[in-house]
Amino acid sequence: MTPTVQAILDNYEATSPAVKANLARILMHGKLGGTGKLVILPVDQGFEHGPARSFAINPAAYDPHYHYQLAVDAGLSAYAAPLGALEAGADTFAGQVPTILKLNSSNSWATSIDQAVTGSVSDALRLGCAAIGFTIYPGSDQILEQIEEFRELAEEAKSVGIATVLWSYPRGGKLSKEGELALDVGAYAAHIPALLGAHIIKVKLPTAHIEQPEAQQAYAGTDWSSQADRVRHVVQASFAGRRIVVFSGGAAKGTDAVYQDARDILAGGGNGSIIGRNTFQRPREEALDMLAKLIAIYKGDE
């Protein structure tokens with residue numbers, strides 16, 4: 001245990017030793033172990049976008065073992081996926097990388113902004129997962145039900161010593177498309193998981209747009225053109241940095257943009273990246289090079 005990780009765990013004052021041990025599993029694992037920074041591989045895109053849209057560009061990625069091995073070989077902090085994908089490699093890769101069981105998912109044909117619960121805390125225990133993951137959509141007409149679903153799952157997970165990761169993606173309701181990535185909305189989206197008791201918060205990198213008319217005055221007079229400053233504000237909204245905040249890699253983009261995002265997350269005090277398509281849709285060696293570069297950025301070694 002490093003002083004950095006111990007200081008992070010000390011922020012979780014009502015958290016059991018068992019949950020802290022699982023948070024430490026993630027924070028102490030891989031090439032960023034002990035630094036307080038994380039790079040996590042999430043692979044739930046097959047559910048959300050379909051297998052061809054997710055994996056045809058790199059056919060090796062149809063195999064769940066490919067993702068496990070990528071996370072292991074890259075020295076990542078954790079690997080997150082739905083039930084079937086984790087079950088497909090649970091024995092082969094047992095103990096080699098901390099896993100996060102994604103407990104809800106949707107698909108690209110659904111018309112409602114919602115997700116179905118597709119796994120259980122019992123599944124997470126059986127598979128030896130360090131954490132469960134769950135997505136909510138602030139702004140959706142289903143958000144209150146999603147919050148209640150997470151509350152029940154989080155209570156059960158905490159009772160058996162498993163940590164919680166909450167994906168918080170604003171969408172629906174009165175939000176415009178531009179507003180989904182707005183700074184005020186992104187800070188709000190991070191604050192909600194903190195209030196719900198999530199241990200790790202996953203949000204998207206925000207733009208400088210301010211969506212809510214009621215929030216305009218609070219943001220007036222500050223230059224939000226720096227992405228690092230926007231990250232810093234989202235971290236501030238997450239209990240003034242008392243919660244672990246990681247940022248989504250988003251849609252596929254160029255390598256320079258991926259690296260700059262990481263530099264800005266580091267400069268803004270974020271805890272790291274949870275990056276899927278920007279790695280597994282690339283050839284394996286290229287993905288490993290990218291992940292090595294991201295790790296070097298977060299270690300301050302570039």
Side-chain angles (χ1 to χ4, degrees), residues 26 29-33 35-46 48-49 53-58 60-61 66-81 97 100 102 133 165 167-169 180-183 186 189-190 200-209 224-235 244-302:
I26 296 172
H29 187 82
K31 295 179 180 178
L32 286 170
T35 65
K37 303 302 178 185
L38 305 170
V39 175
I40 297 170
L41 175 68
V43 188
D44 59 345
Q45 291 80 4
E48 305 299 326
H49 307 296
R53 286 175 60 192
S54 301
F55 308 130
I57 191 171
N58 179 21
Y66 179 86
H67 304 288
Y68 267 108
Q69 196 67 61
L70 182 63
V72 171
D73 291 346
L76 301 189
S77 309
Y79 166 48
V97 61
I100 299 166
K102 185 66 164 52
V165 185
W167 279 239
S168 186
Y169 290 166
E180 292 178 5
L181 296 177
L183 176 60
I200 300 176
I201 297 166
K202 179 192 176 189
V203 290
K204 296 183 179 181
L205 284 163
T207 67
H209 173 63
W224 295 108
S225 59
S226 165
Q227 182 166 250
D229 287 341
R230 300 195 297 269
V231 167
R232 189 172 294 108
H233 179 59
V234 171
V235 171
I244 298 166
V245 184
V246 294
F247 291 84
S248 169
K253 61 184 77 171
T255 55
D256 289 345
V258 173
Y259 300 148
Q260 189 57 50
D261 284 349
R263 294 184 188 102
D264 291 338
I265 292 167
L266 178 67
N271 292 95
S273 300
I274 180 163
I275 181 168
R277 283 173 287 177
N278 279 294
T279 54
F280 69 71
Q281 289 187 339
R282 287 178 161 85
R284 174 181 158 81
E285 291 306 316
E286 186 178 333
L288 288 171
D289 288 345
M290 170 177 277
L291 290 166
K293 174 73 170 180
L294 288 173
I295 288 167
I297 290 170
Y298 282 122
K299 292 175 74 173
D301 290 343
E302 70 161 347

S.K.: Stepwise, does the side-chain contact (heavy atoms from CB on, under 4.5 Å) test hold for Ile274 with Ile200?
M.R.: CA-CA 11 Å; Ile274 180 163; Ile200 300 176; over 6 Å; no
S.K.: State which residues pass salt bridge (charged side-chain N to carboxylate O under 4.0 Å, His left out) with Arg230; sequence neighbours excluded, sorted by chain then number.
M.R.: none
S.K.: Should Phe247 and Val231 count as side-chain neighbours, where that means a heavy-atom distance under 4.5 Å?
M.R.: yes
S.K.: To the nearest 0.5 Å, how far apart are CG in Leu266 and CG in Leu294?
M.R.: 11.5 Å
S.K.: Under the salt bridge (charged side-chain N to carboxylate O under 4.0 Å, His left out) rule, collect the residues that match up with Lys299, sequence neighbours excluded.
M.R.: none
S.K.: Which residue pairs satisfy the side chain to side chain donor-acceptor pair (under 3.5 Å) criterion with at least one member in residues 267-280, sequence neighbours excluded?
M.R.: Ser273-Tyr298
S.K.: Using ring pair (Phe, Tyr, Trp, His ring centres under 6.0 Å) as the criterion, list what pairs up with His233, not counting sequence neighbours.
M.R.: Tyr219, Trp224
S.K.: Check the pair Gln260 / Asp264 against side-chain hydrogen bond (donor to acceptor under 3.5 Å, both in side chains), numbers first and verdict last.
M.R.: CA-CA 6 Å; Gln260 189 57 50; Asp264 291 338; 3.1 Å; yes
S.K.: Can you name the closest pair of heavy atoms from Gly268 and Val235 and give their distance?
M.R.: O-CG2, 4.1 Å
S.K.: Taking all atoms of both residues into account, what is the closest heavy-atom pair of Ala71 and Val97, and its distance?
M.R.: CB-CG2, 4.3 Å
S.K.: Once ring pair (Phe, Tyr, Trp, His ring centres under 6.0 Å) is applied, do any residues pair with Tyr68, and if so which ones, sequence neighbours excluded?
M.R.: Tyr79, Phe93
S.K.: Donor-acceptor pair, distance only, cut-off 3.5 Å: does the side chain of Gln281 make one with the backbone of Ser54?
M.R.: yes
S.K.: Would you indicate whether the side-chain heavy atoms of Leu70 and Leu291 approach each other to under 4.5 Å?
M.R.: yes
S.K.: Would you mind reporting whether Leu32 and Leu38 have side-chain heavy atoms less than 4.5 Å apart?
M.R.: no
S.K.: Arg232: what forms a salt bridge (charged side-chain N to carboxylate O under 4.0 Å, His left out) with it, not counting sequence neighbours?
M.R.: Asp229
S.K.: For Tyr66, enumerate each residue passing the ring pair (Phe, Tyr, Trp, His ring centres under 6.0 Å) test, keeping only those at least two apart in sequence or located in another chain.
M.R.: none
S.K.: Could you check Leu205 against Ile265 for side-chain contact (heavy atoms from CB on, under 4.5 Å), going step by step and ending with a plain yes or no?
M.R.: CA-CA 9 Å; Leu205 284 163; Ile265 292 167; 3.9 Å; yes
S.K.: What pairs with Phe280 under ring pair (Phe, Tyr, Trp, His ring centres under 6.0 Å), at least two apart in sequence or on another chain?
M.R.: Phe55, His67
S.K.: Go through the structure and list residues passing side-chain contact (heavy atoms from CB on, under 4.5 Å) with Ala292, not counting sequence neighbours.
M.R.: none
S.K.: Show, in sequence, the C-alpha distance, side-chain angles and deciding distance for Lys202 and Ile40, and conclude whether the side-chain contact (heavy atoms from CB on, under 4.5 Å) test is met.
M.R.: CA-CA 11 Å; Lys202 179 192 176 189; Ile40 297 170; over 6 Å; no
S.K.: Mind checking salt bridge (charged side-chain N to carboxylate O under 4.0 Å, His left out) for Glu302 and listing every partner two or more places apart, or none if nothing turns up?
M.R.: Arg263, Lys293
S.K.: To the nearest 0.5 angstrom, please state how far the CD1 atom of Ile295 sits from the CG atom of Leu76.
M.R.: 5.5 Å
S.K.: Please identify each residue that fulfils side-chain contact (heavy atoms from CB on, under 4.5 Å) with Leu181, with sequence neighbours left out.
M.R.: Lys204, Thr207
S.K.: Test of understanding: with side-chain contact (heavy atoms from CB on, under 4.5 Å), list the residues that count as partners of Ala190, not counting sequence neighbours.
M.R.: Ile201, Val203, Val234, Ser238
